[in-house]
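Computed from heavy atoms alone, side chains included, the values below leave out hydrogens, waters and symmetry copies.
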Amino acid sequence: MSIAKMNKVTIIGTKDKQEEILKKLQKFGFFQVEDMSHLAQDEEFKDIFNKQDKNEEISSINQKLVNTEKAIANVKKYYKVKKSMFAGKEYYNELSTKDADDLYSKVQNVNEISNLIEEDIQKVNTLNTQKVELEPWTNFSISADLEKINYIKIILGTITLKYSKEEIENALNKEKVEYSINIINKDKHNLYLSITTKNEEINHVKRILKKFDFNEKDISLENETVTEKIQRIEEEILKLQNVIEENKAKIKPDKIKDYENLYDYYLAQKDLKLIERNIVTTNNTFYLEGWMPEGCKINNNKEFIIKVRPEEENEEVPVLVEDNRIVEPFQSITNMYSVPNKRELDPNPVMAIFYILFFGLMLSDVGYGLLLTLGCLFLIRKKKYARGEGKLVKLLTYCGIASVAWGFFFGSFFGDLIPIKGVLNPLKDVMPLMGLALLLGIVHIYTGMLMKAIQLIREKKIFDAICDIGFWYLLLTGVFLLVIPIVAGDIGIFSEIGKYLAIIGVIGVILTGGRKEKNIIKKCTKGVSSLYDITSYLSDVLSYSRLMALCLSTGVIAQVVNLLGGLVGPIPAILVGIIGHGFNLANSALGSYVHTSRLQYVEFFGKFYEGGGKEFTPFRYKNKYTKIKEEF
């Protein structure tokens, strides 16, 4: 459980073997390739090295990725692919170039067929729209083409029901227009009308109709009745639907796993081309540098020459934190704050203990903890996460177990739904709960200070450890021992001990707080002003009252849900319980995650952690749909 030592690796090989060697490194998965392309612009080396332009190849692969993803989506669109949301990934199968090309041609075929299907679906939708528009006009009996009637004109259209046929007739009569008007149909909103008039009066009639919000319709009959046209449209729709089904049958749903594997193949190819841009070449050779953890080994052979050396003292190296399987999931919490630098302690083993402890205290319910733990274990079993995957799920598993333990401590099982006897009742023993929260906070802060002291001692700064940590230990412990009798009662001789500890601590802080200043006045003022930091420590301790607050909120809401369930009767109570406790579990778990992380970042890491490291990012497969089989 430490930060791994790194080896700097230089590899020189023949150009024709470059891709093959890179594929081996990609499969190896523990080699970070450094960007050496700057050598091609360096004045000293620009005549020797060339930068590799892979933009066209990367662009081509990107297009293949888009098309393959589209084919996968198309298969899923037309078929219900039987795959559980909790199912694990299939193992990745390496493809030859020929196999990949053959499979890609099938991908293109799927997309072409899908395009045809979409075009036909659009045609069906258009025909259905036409059919719906025609259906109200089935009583319209003129079958001839209206445009061929030279001396009359028939207008079809609708008006809303706020107007009537009689109102239109009155308006037309007032203008002394010759016309004939018929109601073809009526629905909840509109009247469907046909109006016949002389050809030369058509524009006049339209102006009158406009006053009634007349909406003209063109049903475009061609020597057929409306009913005949609807029948013709239905026949066209049926033909298109048959063609659609025939085309769907050409898309094989069982090929989706092959397409997913192909996608990951192109993803690996793209990563390889991106890495090649970091490598420089001569006329016949390639040159690359990179990092790999100490203990990993690449053997020399005829294809390339390899030179390995240990990292140097002040050399900037990528950081790989090596933790056991329990601690590893908590690396994601630390890395969200900052990656450790190579000179400091790995904070994860200690942080993981407090993270589990605090999360469990905030959630603190046997039922919620069991649901969280069992849910996460189910996901782990179904997804079959490899090492390094599913970190959040694994982290929440441990936190769920801690929640069960704290739930028994507080006697909470879905609130008071299942009565169990606890050591402490949060609703009745509020002050002891507050004391417990603050005590855990003090231990957490002291541990952070201890981590800082260890770090200083490792750097051979023992005097700094005594001055910056030791005296503050004495001062803070003394203050806490003086405060305890005020809030909790007499603690006997420990109050007297606290007084002397505080005095020694104050003197030590004042005398050494400004030791790095050269001016005697600055030394004194800096030492005295250092005492102000005690307010920061005390506010940090009070921040741990959130442990009590979230513990109480979880329990109170759970009991309210149970109370509501008791009021509505047995059957509705089940629904109230599921919704209420489900919401409380989700809300409390989220709150516990956020506030536990915050306590680590501000109160704990603030005492010792520097961060600023550059995470080790090896060249390896980054598959989306499949997983790589681990080889040991």
Side-chain angles (χ1 to χ4, degrees), residues 1 4 26-30 72 81-93 257 260-261 263-264 267-268 271 293 319-340 346-360 362-363 368-405 582 585-586 588-597 600-601 615-632:
M1 293 186 284
Q26 189 175 33
K27 190 173 183 180
F28 174 59
F30 282 97
I72 293 168
V81 180
K82 293 182 179 180
K83 187 175 182 180
S84 169
M85 65 179 293
F86 302 113
K89 294 180 178 179
E90 299 285 332
Y91 284 115
Y92 174 70
N93 292 318
K257 290 181 181 178
E260 290 175 344
N261 194 83
Y263 183 91
D264 286 340
L267 209 56
D271 287 342
V319 174
L320 172 65
V321 180
E322 294 180 322
D323 290 315
N324 61 39
R325 289 181 180 271
I326 295 175
V327 175
E328 191 177 75
F330 295 88
Q331 292 176 3
S332 59
I333 302 295
T334 302
N335 291 346
M336 278 195 291
Y337 181 81
S338 182
V339 176
D346 174 15
N348 294 306
V350 177
M351 188 270 289
I353 295 170
F354 285 105
Y355 199 97
I356 294 170
L357 193 67
F358 292 164
F359 189 107
M362 290 183 190
L363 192 57
Y368 294 166
L370 285 173
L371 287 176
L372 185 61
T373 303
L374 294 174
C376 290
L377 288 173
F378 176 76
L379 279 175
I380 292 169
R381 180 177 176 81
K382 284 292 183 181
K383 290 285 188 180
K384 298 178 181 176
Y385 294 118
R387 187 164 184 179
E389 295 180 338
K391 288 184 177 180
L392 179 60
V393 176
K394 294 173 182 176
L395 179 150
L396 291 177
T397 304
Y398 303 132
C399 292
I401 295 169
S403 301
V404 172
L585 171 58
S588 298
L590 178 61
S592 300
Y593 176 81
V594 171
H595 287 283
T596 303
S597 298
Q600 310 306 319
Y601 294 156
E615 189 174 6
F616 178 64
T617 52
F619 176 44
R620 57 173 52 165
Y621 290 102
K622 300 171 186 174
N623 295 7
K624 179 177 179 179
Y625 293 106
T626 59
K627 62 182 179 181
I628 301 299
K629 191 171 185 179
E630 294 182 355
E631 296 180 5
F632 299 96

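Here the straight-line distance linking atom NZ of Lys27 with atom CZ of Arg620 works out to 14.5 Å at 0.5 Å rounding. Interatomic distance, CZ of Phe330 versus CG of Asn348, reported as 9.5 Å (0.5 Å rounding). A distance of 13.5 Å separates NZ in Lys382 from CG in Leu377, rounded to the nearest 0.5 Å. Atom OG of Ser592 and atom CG of Leu396 lie 10.0 Å apart (nearest 0.5 Å). Taking CZ from Phe354 and CD from Gln600, the interatomic distance works out to 8.5 Å, rounded to the nearest 0.5 Å. Going from atom CE of Met351 over to atom OH of Tyr601 covers 7.0 Å, rounded to the nearest 0.5 Å.
Taking the side-chain contact (heavy atoms from CB on, under 4.5 Å) definition, one finds that Ile72 meets it with Thr68, Glu69, Lys76, Ile256, Tyr259, Glu260, Tyr263, Tyr625, sequence neighbours left out. With sequence neighbours excluded, the residues satisfying side-chain contact (heavy atoms from CB on, under 4.5 Å) with Leu585 are Leu363, Tyr368, Leu371. Evaluation of the side chain to side chain donor-acceptor pair (under 3.5 Å) rule for Asp264 yields Thr626 as partners, not counting sequence neighbours. Qualifying side-chain contact (heavy atoms from CB on, under 4.5 Å) partners for Ile380, counting only residues two or more places apart in sequence or in other chains: Tyr385, Val393, Lys394, Thr397. Under the salt bridge (charged side-chain N to carboxylate O under 4.0 Å, His left out) criterion, Lys257 pairs with Glu90, sequence neighbours left out. Contacts of Phe619 classified as ring pair (Phe, Tyr, Trp, His ring centres under 6.0 Å), with partners at least two apart in sequence or in another chain: none. For Pro293, the side-chain contact (heavy atoms from CB on, under 4.5 Å) criterion is met by Met6, Phe30, Cys296, Leu320, Phe616, not counting sequence neighbours. In this structure, Thr596 has no side chain to side chain donor-acceptor pair (under 3.5 Å) partners at least two apart in sequence or on a different chain. Not counting sequence neighbours, Phe359 has no partner by the ring pair (Phe, Tyr, Trp, His ring centres under 6.0 Å) test. A search for side chain to side chain donor-acceptor pair (under 3.5 Å) contacts involving Gln26 returns nothing, not counting sequence neighbours. Checked against ring pair (Phe, Tyr, Trp, His ring centres under 6.0 Å), Tyr593 has no partners two or more places apart in sequence or in another chain.
Under a cutoff of 6.0 Å and an axis angle of 45°, Lys627 and Tyr92 do not form a cation-pi pair.
The minimum heavy-atom distance linking Pro329 with Lys391 is given by the pair CB-O, 3.4 Å. When all heavy atoms of Val319 and Pro340 are compared, the pair lying nearest together is CG2-O, 3.2 Å. Here the closest non-hydrogen pair linking Glu615 and Val339 is CB-CG2, 3.9 Å. Between Gly369 and Ser403, the closest heavy-atom pair is CA-CB, 3.7 Å. Closest non-hydrogen pair, Gln331 versus Asp323, comes out as NE2-OD2, 2.9 Å. Scanning all heavy atoms of the two residues, the minimum distance from Pro349 to Val327 falls at N-CG1, 3.7 Å.
Around the CD1 atom of Ile326, the shell of radius 6.0 Å holds no more than 12 heavy atoms that belong to other residues, nucleotides or ligands.
Panel note: side chain Thr373, backbone Leu370; no donor-acceptor pair is recorded below 3.5 Å.
Residue pairs meeting the salt bridge (charged side-chain N to carboxylate O under 4.0 Å, His left out) criterion with at least one member in residues 350-360, sequence neighbours excluded, do not occur.
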